[in-house]
2 protein chains.
Amino acid sequence: MRSRVTLADVAARAGTSKTTAHYVLNGRDQEMRISEDARQRVLAAAGELGYRPNLMARGLRTDVTRTIALITDTVASGQFAGQLVYGSLEAAARHGHLLFVCETDDDPEIETRLVEELLDRRVDAFLLATSSTREVEIPPALEKSRLVLLNCRAPHTGVPSVRPDEVQAGHDAVQVLLDAGHRDGIWVVGEAGEHVVAGRERRAGMRRALTAAGVELAGRVECHWWPESAFEAVDAWLAAGTRPRALVCLNDRVAMGAYQALARHGLRIPDDVSVVSFDDSDLASWLQPQLTSIAIPHYELATRAVDLLLADPVAEFAEHRVPMPVRLRDSVAPPA
Amino acid sequence: MRSRVTLADVAARAGTSKTTAHYVLNGRDQEMRISEDARQRVLAAAGELGYRPNLMARGLRTDVTRTIALITDTVASGQFAGQLVYGSLEAAARHGHLLFVCETDDDPEIETRLVEELLDRRVDAFLLATSSTREVEIPPALEKSRLVLLNCRAPHTGVPSVRPDEVQAGHDAVQVLLDAGHRDGIWVVGEAGEHVVAGRERRAGMRRALTAAGVELAGRVECHWWPESAFEAVDAWLAAGTRPRALVCLNDRVAMGAYQALARHGLRIPDDVSVVSFDDSDLASWLQPQLTSIAIPHYELATRAVDLLLADPVAEFAEHRVPMPVRLRDSVAPPA
DNA sequence: ATGAAAGCGCTAACAT
DNA sequence: ATGTTAGCGCTTTCAT
């Protein structure tokens, strides 16, 4: 049994031509003025035989496969894979498409090979996603394909992109502290490197909020985006005698390290020190007290990107910014 | 430009028939005794034109697409998505296949619809994965497809499965404590429900190790598999005066809750209480002290499953058990 | 209102 | 050793 029921089988059973069967099964019977009688017979035949069109054959004729590809650098292996893939999945399904997932390991050669394989299979459209916000080159082979960028952008190419609104997020993080009454002793904890776009944008937003309120940042604690690094940095800094009133941690893992250091020095959250953070990963609600964090809306980002990708007609160029929701929890209190 | 360079173009440029071009491009020139001259011309033509076969057309003829599907219940949205998808990706690429990722949300109707869509596109083989170990029904439509089960099994169906060796893991967790010299005050923290297969198997393994050493479990603390639940349970239990020497937590999140409760009662890890756990999630190395945990080898599970799926000839039936590696860290010490 | 036939790009059985 | 030809299952133009 090489193949299942074909259109020819349905037509034969209905006593019509393939053409007639085709039109009714593709909802073009009105347009083609197929008789009600023929319509019924085709529908019945298709139902009885359990007819399903062979999408390879259709694709060969029409060059549409109703498949899209999510090409990521190192996203799929990272901690946020879940929501990103899940969002793409949900949106793709909503549009009647299936999703190929690929990972390039950040290797242009692998990327090229993958794109070729995808194109060989006539994938309809592509999502290019990066784990950290940055600028990317569009693989030449994709130049004439439908394409949306996720978390990255390709300047001057006219390729639409979807990114979290990190600037607003930075603003909101500081605003949470301001709203609680903090004006002094607000420190930033995290990586200063200007090459980390998300960090840079968050800091820009923070500055805006601070300036608007006429408040000065007390300073910055340098560390990498991991609990251990954050613990060591904050620990050493507290040991040196600094007494902060509020910490803006550049992500939840940094916040976790800060929690550990604060605890070690007998400082209580939020009574002695308030903490806000970014990511709203699972960690945020696992920490004690639960951490107020600005969420990265992975699911939203992905669905927006796919909706854009599959929009009809093709969505016009834009750099979309998805808001990052503030998740208020228990790590912020008014200054003592 | 509907289509790219076709085999006919290559043949024309090489001055041969499509057949000849086909044979050399598919490495069957020896077998077909194509002349060296023709071979060279075809290869040159293909190279110059940048020929790539249209896999839709090939698939229509041969019914092979070099694609596989990973169908998960709620895995893709869960925290372990990354390594599972990544492993499948890596292995699929190694076999020259592309990967469709799907999620059923544990809804049989969605599953049926998804399987149909996949079959419509002539996917070569299927991976059925569940987030928690359990028994599953094989969707009827998949009965005659290549299929491997990941983390689940379908008794009496002859469908191969790949699962973590939870029993051995349970044994190993206890053995870590035994090796450190613990014989008294060993408690298990987690969910007792016999319906959680992983928990049941882990406990069976633990019993085996205990029995072999002639050691008795001190008891069990009941809680759900989350930090907050674990914190509350352990906290209440410590408040009641119990003083454990070692804790076997049924996963890292439970361990995190236990850490918090232990800290609250002034009990130090590992000096006062040793802790071992399961999962080896990121958390394990973020906690202080770093947590000794038995890893769930998601990446390994996925690659094994795909290798089995794409084995040639078809792999024979077996219930494969992948070892769960012990990650020794700093949360275990000899009893004081 | 319905059907015959061509053709998408490839593979393979069958000539020569 | 190479070419001719007939499909795979579908869509669509063109006849009737």
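Residue numbers begin at 1 in each chain, while the letters A, B, ... track the order of the sequences.
Within the 4.0 angstrom heavy-atom criterion, base atoms lie near B:Thr19. In this structure, B:Arg39 reaches neither bases nor backbone, as no heavy-atom distance under 4.0 Å exists between it and the strands shown. The residue A:Met32 sits close to a base: some heavy atom pair falls under 4.0 Å.
In terms of phosphate contacts, A:Tyr51 brings a side-chain nitrogen or oxygen within less than 4.0 Å of OP1 or OP2 of D:dC10. Proximity of A:Ser17 to the phosphate of C:dA4: no side-chain N or O atom is located under 4.0 Å from OP1 or OP2. Dashed line: the shortest gap from a side-chain N or O of B:Arg28 to OP1 or OP2 of C:dA12 is under 4.0 Å. Note on A:His22: every side-chain N or O is 4.0 Å or more away from OP1 and OP2 of D:dC10. Residue B:Ser35 places at least one side-chain N or O closer than 4.0 Å to OP1 or OP2 of D:dT2.
Here D:dA1 presents its P atom at 11 Å from CD of B:Gln30, a figure rounded to the nearest Å. With rounding to whole Å, B:Arg58 atom CZ is found 18 Å from C:dC8 atom P. Between the CG atom of B:Asn26 and the C1' atom of C:dG9 there is a distance of 13 Å, given to the nearest Å. One atom, NZ of A:Lys18, and another, P of D:dG7, lie 12 Å apart when rounded to the nearest Å. Rounded to whole angstrom, the span from the CZ atom of B:Arg122 across to the C1' atom of D:dC10 amounts to 12 Å. Protein atom OH of B:Tyr23 is 13 Å distant from nucleotide atom P of D:dT2, rounded to whole Å. We find that CZ of B:Arg61 is positioned 6 Å from C1' of D:dG7, with the value rounded to whole Å. Following rounding to the nearest Å, A:Asp63 (CG) and D:dC10 (C1') show an atom-to-atom distance of 13 Å.
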Could you walk me through whether B:Leu118 and A:Leu98 satisfy the side chain to side chain contact (heavy atoms under 4.5 Å, CB included) test, starting with their C-alpha distance in whole Å, then the side-chain angles of each, then the deciding distance to 0.1 Å, before giving a yes or no?
CA-CA 8 Å; B:Leu118 260 358; A:Leu98 249 31; 3.2 Å; yes
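Ion pairing of B:Glu116 with B:Arg113 is absent here, as no side-chain N (NZ or NE/NH1/NH2) approaches a carboxylate O to less than 4.0 Å. In this structure, A:Arg134 pairs ionically with A:Asp106, as a charged nitrogen and a carboxylate oxygen lie closer than 4.0 Å.
Under the 3.5 Å distance criterion, the side-chain polar atoms of A:Arg121 are matched with a main-chain donor or acceptor of B:Thr65.
The environment of B:Glu137 atom CD is sparse: at most 12 non-hydrogen atoms of other residues, nucleotides or ligands sit within 6.0 angstrom.
Where B:Ala57 and B:Ile34 each meet DNA chain D at their nearest nucleotide, the meeting point lying more 5' is that of B:Ile34.
For B:Asn54, the side-chain atoms get nearest to C:dG9 when compared with the rest of D:dG9, C:dT11, C:dG9.
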